[in-house]
Protein chains: 2
Amino acid sequence: MTKRVTWQREAVRGALSSSDGFVSAQSLYSALRESGSPIGLATVYRALSDLAGEGEADSLQQEGESLYRACTPGSHHHHLICRNCGLTVEIEADAVEAWAASVAADHGFTQPSHVVDVFGLCANCQSLS
Amino acid sequence: MTKRVTWQREAVRGALSSSDGFVSAQSLYSALRESGSPIGLATVYRALSDLAGEGEADSLQQEGESLYRACTPGSHHHHLICRNCGLTVEIEADAVEAWAASVAADHGFTQPSHVVDVFGLCANCQSLS
DNA sequence: CTGCTATTGATAATCATTCTCAGCACTTTC
DNA sequence: GAAAGTGCTGAGAATGATTATCAATAGCAG
Ligand SMILES: [Zn+2]
Ligand SMILES: [Zn+2]
Ligand SMILES: [Zn+2]
Ligand SMILES: [Zn+2]
């Protein structure tokens with residue numbers, strides 16, 4: 001059951017880190033391939049899923065596909081995402097955390113979790129329109 | 001370009017309304033079929049997409065599929081959803097609306113929108129465990 | 001009723017994601 | 001170092017949801 005360190009996983013981790021915003025498994029795969037890496041698609045999916053499971057990456061679903069991003073490990077936070085270029089800013093929101101927890105409790109729900117994402121057009125993308 | 005009223009669309013609207021929580025297009029199709037309706041799958045998808053576009057239904061993505069729910073028309077609100085049975089409660093959150101708008105503005109993002117959903121286990125599902 | 005055209009639905013086509021499984025690559029054991 | 005054990009990889013098949021096709025059907029205006 002020992003976990004092994006392979007260049008494939010490191011390649012995915014590296015490619016993820018070098019991106020400003022959220023990326024899809026497919027586009028990450030294409031990018032790696034175009035940069036000369038012979039990595040396989042299934043491996044990219046596995047690596048991303050592992051990273052997300054270990055808390056080294058955050059993910060969100062958009063238009064039927066999962067997007068991933070290398071995020072500050074171990075910290076719960078949310079994202080402000082540019083709808084156009086994907087540029088992402090991590091945001092803290094203690095008030096929202098508390099609100100989510102209390103709303104669940106008020107209605108008798110336990111084991112609360114939440115999805116909170118803010119989208120918009122970043123300054124750069126606005127100037128291009 | 002006139003919109004026509006067909007029994008198919010009404011059937012989908014009705015089936016949606018009779019559900020407590022969010023449902024997938026596939027399960028709605030199955031339910032309709034089992035209740036004797038000869039409706040087609042593509043039509044269910046089209047009807048749901050139309051309802052969502054007209055603001056008569058809300059939708060959210062979960063585990064790679066779109067879920068729909070008949071919601072209070074014209075009102076912006078969020079949802080508290082039971083992870084187990086899908087039971088859904090509509091919730092207002094003016095504070096969160098304001099927070100989302102200001103967070104976007106603070107970082108120079110325009111045309112803000114947001115996704116805010118709270119999940120948990122409803123009282124009924126807790127007692128079954 | 002008649003004609004126009006939006007709508008329908010069986011089926012094929014897409015697309016992202018997962019599965020299969022044989023071959024490969026580290027590790028550990030002699 | 002060679003052999004054995006086992007996690008990892010990847011090409012391609014399989015899956016599952018959603019969308020596109022397109023000929024037949026059925027609202028609806030006149
Ligand atoms: Zn941008
Ligand atoms: Zn949070
Ligand atoms: Zn429940
Ligand atoms: Zn809101």
Side-chain angles (χ1 to χ4, degrees), chain A residues 1-16 19 21-54 56-69 81 83 86 115 117, chain B residues 1-16 19 21-54 56-69 81 83 86 115 117:
Chain A
M1 277 302 243
T2 321
K3 182 186 322 189
R4 291 179 185 169
V5 178
T6 65
W7 65 262
Q8 286 96 334
R9 285 208 224 274
E10 291 311 308
V12 170
R13 189 201 305 278
L16 241 204
S19 170
F22 280 85
V23 235
S24 69
Q26 298 282 351
S27 63
L28 233 167
Y29 170 68
S30 300
L32 283 166
R33 272 319 188 83
E34 279 169 28
S35 75
S37 171
I39 198 170
L41 177 59
T43 304
V44 173
Y45 273 99
R46 278 187 290 244
L48 286 175
S49 158
D50 285 354
L51 287 172
E54 294 161 12
E56 293 202 58
D58 283 358
S59 73
L60 63 86
Q61 332 293 130
Q62 192 173 59
E63 292 162 23
E65 69 182 354
S66 290
L67 304 183
Y68 297 84
R69 176 170 191 271
I81 305 151
R83 212 165 4 238
V115 174
D117 292 302
Chain B
M1 280 298 245
T2 321
K3 183 185 322 186
R4 292 176 183 173
V5 178
T6 65
W7 65 262
Q8 285 96 333
R9 282 209 228 275
E10 292 310 310
V12 170
R13 188 201 304 276
L16 241 204
S19 169
F22 281 84
V23 235
S24 68
Q26 298 282 351
S27 62
L28 235 172
Y29 170 68
S30 300
L32 283 166
R33 271 322 187 83
E34 281 171 26
S35 75
S37 171
I39 197 170
L41 177 59
T43 304
V44 173
Y45 274 98
R46 279 186 291 243
L48 287 175
S49 159
D50 285 354
L51 286 172
E54 294 161 12
E56 293 202 56
D58 283 358
S59 73
L60 63 85
Q61 332 291 130
Q62 194 174 56
E63 290 161 26
E65 68 181 354
S66 291
L67 304 183
Y68 296 85
R69 177 170 190 272
I81 305 150
R83 210 162 9 234
V115 174
D117 292 302

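Naming: A, B, ... by sequence-line order, numbering from 1 per chain.
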Which residues within residues 32-41 of chain B lie with some heavy atom under 4.0 Å of an atom in DNA chain C?
B/Arg33, B/Pro38, B/Ile39, B/Gly40
Any donor-acceptor N or O pair under 3.5 Å, side chains B/Ser27, B/Ser30
no
Which nucleotides of nucleotides 25-30 of chain D have their base under 4.0 Å from a protein heavy atom (B), which only their sugar-phosphate (S), and which neither (-), written as one string 5' to 3'?
-BBS--
Run A/Arg13 and A/Leu51 through side chain to side chain contact (heavy atoms under 4.5 Å, CB included) and show every step you take.
CA-CA 8 Å; A/Arg13 189 201 305 278; A/Leu51 287 172; 3.8 Å; yes
Whole-Å gap separating C1' (D/dG16) and CD (B/Gln61)
15 Å
Length of the line joining B/Glu63:CD and C/dT17:P, which is rounded to integer Å
14 Å
Are the charged groups of B/Glu56 and B/Arg69 less than 4.0 angstrom apart, N to O?
no
How long is the gap from CZ on A/Phe22 to CG on A/Leu28, to the nearest 0.5 Å?
12.5 Å
How many Å lie between CD on A/Gln26 and P on C/dT14, as a whole number?
15 Å
Got a sec? Which of residues 42-49 of chain B come in under 4.0 Å of DNA chain D, heavy atoms?
B/Ala42, B/Tyr45
Can you list the steps and then say if A/Val115 with B/Val115 is a side chain to side chain contact (heavy atoms under 4.5 Å, CB included)?
CA-CA 7 Å; A/Val115 174; B/Val115 174; 4.3 Å; yes
For A/Val44 and A/Tyr29, the nearest pair of non-hydrogen atoms, with its separation, is CG2-CD1, 4.0 Å
I'd like to check A/Leu41 versus A/Gln26 (side-chain heavy atoms, cut-off strictly below 4.5 Å). Are they in contact?
yes
Can any side-chain N or O of A/Ser19 pair as donor or acceptor with the backbone N or O of A/Leu16 at less than 3.5 Å?
no
For a quick check of understanding: with a heavy-atom distance under 4.0 Å over all strands, which category does B/Glu65 fall into, base, sugar-phosphate or nothing?
sugar-phosphate
When you measure from the side-chain N and O atoms of A/Ser24 to the phosphate of C/dA16, is any distance below 4.0 Å, counting only OP1 and OP2?
no
Residues A/Trp7, A/Ser37; criterion side chain to side chain contact (heavy atoms under 4.5 Å, CB included); working and verdict
CA-CA 10 Å; A/Trp7 65 262; A/Ser37 171; 3.6 Å; yes
Rounded interatomic separation in angstrom, taking OH from B/Tyr29 and P from D/dG16
16 Å
Under a 3.5 Å cutoff, is there a donor and acceptor pairing between the side chains of B/Thr43 and B/Gln8?
no
CD of A/Glu54: more than 12 outside heavy atoms within 6.0 angstrom?
yes
Round to the nearest Å and state the distance from B/Glu10 atom CD to C/dT7 atom P.
13 Å
